[in-house]
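Reading through the structure tokens given below for one structure.
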Amino acid sequence: MKKLTSVLLVVMALIMVLPSVVSAAPYKTYTYSKEGEILISPDAYEPDLYVDSEYIGLDEEMPFDDPGDLFVGPDEKVYIADTANNRILVLTRYYKLDFEITSFVNDYGVPDTFSSPKGVFVNEKNIYVCDTDNNRLVLFDTEGNFIKIIEQPESSLFEEGAIYKPIACAVDQYGRIFVVSSTTYQGVIVLNDESEFFGFIGAQTDTLSALQKFWRRFQTKEQRAQQKENTSKELNNITIDKDNFIYVTTSALEDADLQAQVTSKDKTTSPVKKLNASGADVMKRNGDFAPSGEARFALLPTSKIQGASKLVDVGIGPVGTWSIIDEKRSKVYTYDENGNLLFAFGDTGEQTGNIGKIAAVAYQGDKMILLDANNDSFVVYRRTKYGDLLIGALQNDADRKFDLATEDWTKILTRNINYSIAYLQLGKAAARNGEYDTAMDYYKRISNTTDYSKAFSEVRTKWANKWFWTVPLVVIAACLLIGKFFGYAGKVNKRASLKIGRKSLKEEILFAFHVIFHPFDGFWDLKHEKRGSVKSAFVILLATIVAFFYRSIGTGYIHNTSTSSYMNILANISAVVVPLALWIISNWCLTTLFDGEGSMKDIFVASCYSLTPLPIIMIPTVLLSNGRLEPEAEILGLFYGVALAWTGLLLFFAMMVTHDYSLGKNILTCLATIVGMAFIMFIAILFSTLMGKIVGFISDIAIELNYRV
């Protein structure tokens, strides 16, 4: 019993000492890898308080219903647009009812009320209410006293019969009011509190196809107006940060456009934008995916939620962070000022912390508030220690306290080893300290080739300065050796041309260097003078396979970041042998019918000799790729292109000489050969599919007989 008691005490002590890995939240917090895989991370926010009408202290006979918006003012009071009850609720910072605005005496001294108010905005002086169905804004002071009605602005820019339905608004420090109207597709309406219209900004660009644009030339004015109405992209919400940058969201874009822009980062089809005062989108989209919510879409028909995120609000957080909410998934996605995803969390459900239908997001100090329109409530989330550490790291970076920021990012990695932003920031810190090799290692972990290339540039410059005189000497020596080799190959080829009888393997292989520069007489001698053989052709084919394999494993990291491109030797053999075999078989089949003079052996030998430029150019290019920067990738691509074009021309001339065709006949034969290759592949795939079905059928019969026996 004493031993058992001692063991139990030790186990209990270990349980108390070990950190808890059980999350208090009923959802997962995650980020994305560069490839789009979900990476689970510690919770940045956890549900702290569920607030409903009873908690607020509302009359049981009139709880708030179908809330349209929630806003946290500068005084940290919470303002709710209680749409169904036609009122604005003002709560204390502790979420108890302070007062409500239900009615007021308007400018004409007549009692007045709201009609389905869907938006509210508050600054240090005033409360702005979007009185949606009354087609106006109503202005109050922060005590709830009526000031004025801001009527619909008048301008010729509004189309005839246009309806003004303000659903959200924001006000900058100069008193300009930015209004989102649910029925206005020209963009954000800009006016002042005297209803003076200043213009539209931030209109969502129509994404018409080239065919649609062509047909517009032949449409009537009425047809164009109808098409514009059908392709309009109305905004659905707006907010503003302390620097007067305006964030707007839309949910009226096509799902295909939304999914495409996640990787393309196209501003024109972005569902969230950051606008300056003139309406230009200045949002930074430096993350692996554009800030637009979910990056990995459910494609299976059985998936509960389909397609891209439906964004309905933006919340401005601390240190340049901002959050968007997805109404489809009831999730929050938070980004830094550069557009990097910091974390995403949330889910639908009934547990505290999950949201039935997310309608608004707002920050209250170190808390986040999410409005639930289905359950007529909101949930207050408190920032965790991990979240505090993350915000602290961003703050230290913003304050240029890089040593403290480095400590914070290092601590974050101890809690979340897959956090790409931490690697990015640590890489930048190492680069600032001149530790470029360390910076390259951090950047490599997150496949950040742009910053890796910058750090590598510094390493290369340092190396070049150290070996300043060695580099030109090596280049000169390499040129001399290449020249000497070609001179030697020329002498061997000349001597072999006078040699009677069978040529040695070395002489046959070196003849390839004559063929690639003198294709007409080279391929003629290859066939008629027996300057090559099947054995030497196999050697050249093997060298080509080795070159392809070396390219897959030896290309510099900057130009080959994906580990999936590291193919095995069998894949490289297939990449060379299969196209070559298809070419040889297809060409032999055709030329046999159309008076070709080359046998299959002749076609094989000539085709293999045509591959000679590939290993000659590819191997040195792969070596050079380890010293090239990202902007210099086009140079490597040019070398590869030259090798392929050279090989293609040699194949063309090889077939022309081997079969003794005219230029026109050879062109037609080569084109027909390519078509034949496609036909052979089709037959092979069809045959393999049929054989698979036959084997499956026989297997099913065998299983059935086995059961019956």
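FYI, side chains are in, hydrogens and waters are out, and symmetry mates aren't considered; it's all heavy atoms of this structure.
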Neighbour count above 12 (heavy atom, 6.0 Å) for [X] [atom1]:
{"X": "Lys242", "atom1": "NZ", "value": "no"}
{"X": "Phe639", "atom1": "CZ", "value": "no"}
{"X": "Asp403", "atom1": "CG", "value": "no"}
{"X": "Leu623", "atom1": "CG", "value": "yes"}
{"X": "Lys267", "atom1": "NZ", "value": "yes"}
{"X": "Trp524", "atom1": "CH2", "value": "no"}
{"X": "Phe517", "atom1": "CZ", "value": "yes"}

*Do Glu508 and Ser533 have side-chain N/O donor and acceptor atoms under 3.5 Å apart?*
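Result is yes, a qualifying pair exists.
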_Polar contact flag, side-chain donor to acceptor under 3.5 angstrom, Thr449-Tyr557_ =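 Side chains of Thr449 and Tyr557: no pair found under 3.5 Å.
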Would you verify whether the NZ or CZ of [X] falls within 45 degrees of the ring axis of [Y] while also being under 6.0 Å from that six-membered ring's centre?
{"X": "Lys274", "Y": "Tyr247", "result": "no"}
{"X": "Arg551", "Y": "Tyr640", "result": "yes"}
{"X": "Lys265", "Y": "Phe289", "result": "no"}

Determine, using ring centers only, whether [Y] and [X] are less than 6.0 Å apart.
{"X": "Phe513", "Y": "Tyr488", "value": "no"}
{"X": "Phe653", "Y": "Phe523", "value": "no"}
{"X": "Trp322", "Y": "Phe245", "value": "no"}

*asked:* Looking at Asp388 and Lys385, is there a salt bridge between them, counting it only when a charged N and a carboxylate O are closer than 4.0 Å?
replied: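 The answer is no: the pair does not qualify as a salt bridge.
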*asked:* Under a 4.0 Å threshold between the charged nitrogen and the carboxylate oxygen, would Arg382 count as salt-bridged to Glu46?
replied: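 A salt bridge links Glu46 with Arg382.
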*Pick from Arg502, Lys499, Arg531: which one makes a salt bridge (Lys or Arg N to Asp or Glu O under 4.0 Å) with Glu507?*
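For Glu507, the salt bridge (Lys or Arg N to Asp or Glu O under 4.0 Å) test succeeds with only one of Arg502, Lys499, Arg531, which is Lys499.
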*Might you work through the side-chain hydrogen bond (donor to acceptor under 3.5 Å, both in side chains) test for Asn396 and Asp399, ending with a clear yes or no?*
CA-CA 5 Å; Asn396 286 327; Asp399 296 339; over 6 Å; no
Is any side-chain heavy atom of [Y] closer than 4.5 Å to one of [X]?
{"X": "Ser552", "Y": "Asn572", "answer": "yes"}
{"X": "Cys670", "Y": "Trp583", "answer": "yes"}
{"X": "Phe652", "Y": "Asn666", "answer": "yes"}
{"X": "Ile316", "Y": "Thr239", "answer": "yes"}
{"X": "Thr249", "Y": "Pro271", "answer": "no"}

*Pairs where residues 402-450 contributes a residue and the test ring-ring contact (aromatic ring centres under 6.0 Å, His included) is met, not counting sequence neighbours*: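 ring-ring contact (aromatic ring centres under 6.0 Å, His included) check on residues 402-450 returns no pairs.
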_Could you measure the distance from the OG atom of Ser270 to the CG atom of Leu311? Nearest 0.5 Å is fine._
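One gets 8.0 Å once the value is rounded to the nearest 0.5 Å.
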*asked:* Return the CG to CD distance between Leu390 and Gln395, rounded to the nearest 0.5 Å.
replied: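 Answer for the CG-CD pair, Leu390 versus Gln395, is 12.0 Å.
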*asked:* Restricting to non-hydrogen atoms, name the atom on Arg460 and the atom on Gly627 that form the minimum distance, rounded to 0.1 Å.
replied: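 Distance-wise, the nearest heavy atoms are NH1-O, 2.7 Å.
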*Can you name the nearest heavy-atom pair linking Thr29 to Pro42, along with the distance?*
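Smallest interatomic distance, heavy atoms only, reads CG2-O, 3.5 Å.
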*Phe345 and ring-ring contact (aromatic ring centres under 6.0 Å, His included): which partner among Tyr30, Tyr333, Tyr27?*
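When ring-ring contact (aromatic ring centres under 6.0 Å, His included) is applied between Phe345 and each of Tyr30, Tyr333, Tyr27, only Tyr27 qualifies.
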_Full working for salt bridge (Lys or Arg N to Asp or Glu O under 4.0 Å) between Lys34 and Asp288_ = CA-CA 6 Å; Lys34 193 176 183 70; Asp288 295 326; 3.6 Å; yes
*Distance-only, no hydrogens or angles: does the Asn626 side chain make a donor-acceptor pair with backbone N or O of Gly554 under 3.5 Å?*
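The answer is yes, because a donor-acceptor pair under 3.5 Å joins these two groups.
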*For the pair Asn433 (side chain) and Glu435 (backbone), establish whether a donor and an acceptor sit closer than 3.5 Å, ignoring hydrogens and angles.*
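Flag not set: sc Asn433 to bb Glu435 has no pair under 3.5 Å.
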*Could you walk me through whether Lys444 and Asp441 pass salt bridge (Lys or Arg N to Asp or Glu O under 4.0 Å), step by step?*
CA-CA 5 Å; Lys444 191 173 183 178; Asp441 182 58; over 6 Å; no
*In terms of the angle between their ring planes, are Phe604 and Phe538 parallel, tilted or perpendicular, with boundaries placed at 30° and 60°?*
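The rings of Phe604 and Phe538 sit tilted, inter-plane angle from 30° to 60°.
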